[in-house]
Amino acid sequence: MAANANPPPSSPSPSRIDKEQIIGMAEKEMEYKVELFNKLTHTCFNKCVDKRYKETELNMGENSCIDRCVSKYWQVTNLIGQLLGSGRPPM
């Protein structure tokens, strides 16, 4: 008995709506990541870089501050994501 090449109409198959939902979710995720990056950049820049630009490049103190700031920002963001994903109340 040969397999039927066309599935019956009642069987689930990826539809146009499913693809649009996937694309919409991907767009939302990209928007979230861009917003997260912009917030991180703004926060760490304002915290670590002197408002009066004295040099064309960051000095050692500013570099260290930015490294620590970005590291802490990602740690907190990941922790919040894990807590929200697990459904546990905050500590």
Inset, instruction - For the residue pair I66 and V49, establish whether any side-chain heavy-atom pair is separated by less than 4.5 Å. - result: yes

Inset, instruction - Determine, stepwise, if the pair W74 / L79 fulfils side-chain contact (heavy atoms from CB on, under 4.5 Å). - result: CA-CA 8 Å; W74 282 121; L79 178 63; over 6 Å; no

Inset, instruction - Output the distance between atom CD1 (I23) and atom CG (D18), rounded to the nearest 0.5 Å. - result: 11.0 Å

Legend entry - For F45 against K51, the heavy-atom pair lying closest together: O-NZ, 4.4 Å

Identify each donor-acceptor pair in which a side-chain atom of residues 52-62 lies under 3.5 Å from a protein atom, sequence neighbours left out, and give them as a table.
from	atom 1	to	atom 2	distance (Å)
N59	OD1	G61	N	3.1
N59	OD1	E62	N	2.7
E62	OE1	N59	N	3.0
E62	OE2	D50	N	3.4

Inset, instruction - Give, for atom CZ of R68 and atom NZ of K72, the distance between the pair rounded to the nearest 0.5 Å. - result: 7.0 Å

Legend entry - Between N38 and H42: side-chain donor-acceptor atoms closer than 3.5 Å: no

Legend entry - Atom pair CD (E27) and CD1 (I22), whose distance is rounded to the nearest 0.5 Å: 12.5 Å

Inset, instruction - State which residues pass side-chain contact (heavy atoms from CB on, under 4.5 Å) with F37; sequence neighbours excluded, sorted by chain then number. - result: T41

Inset, instruction - Give a yes or no on this: more than 12 heavy atoms of other residues, nucleotides or ligands lie within 6.0 Å of atom CD of E29. - result: no

Inset, instruction - Check whether any side-chain N or O of S86 sits under 3.5 Å from a backbone N or O of Q82 as a donor-acceptor pair, and report yes or no. - result: yes

Inset, instruction - Check whether L84 and L36 end up in the same hydrophobic cluster, where Ile, Leu, Val, Met, Phe, Trp and Tyr are linked by side-chain heavy atoms less than 4.5 Å apart. - result: no

Inset, instruction - Indicate, with yes or no, whether the SG-to-SG separation of C69 and C44 is under 2.5 Å. - result: yes

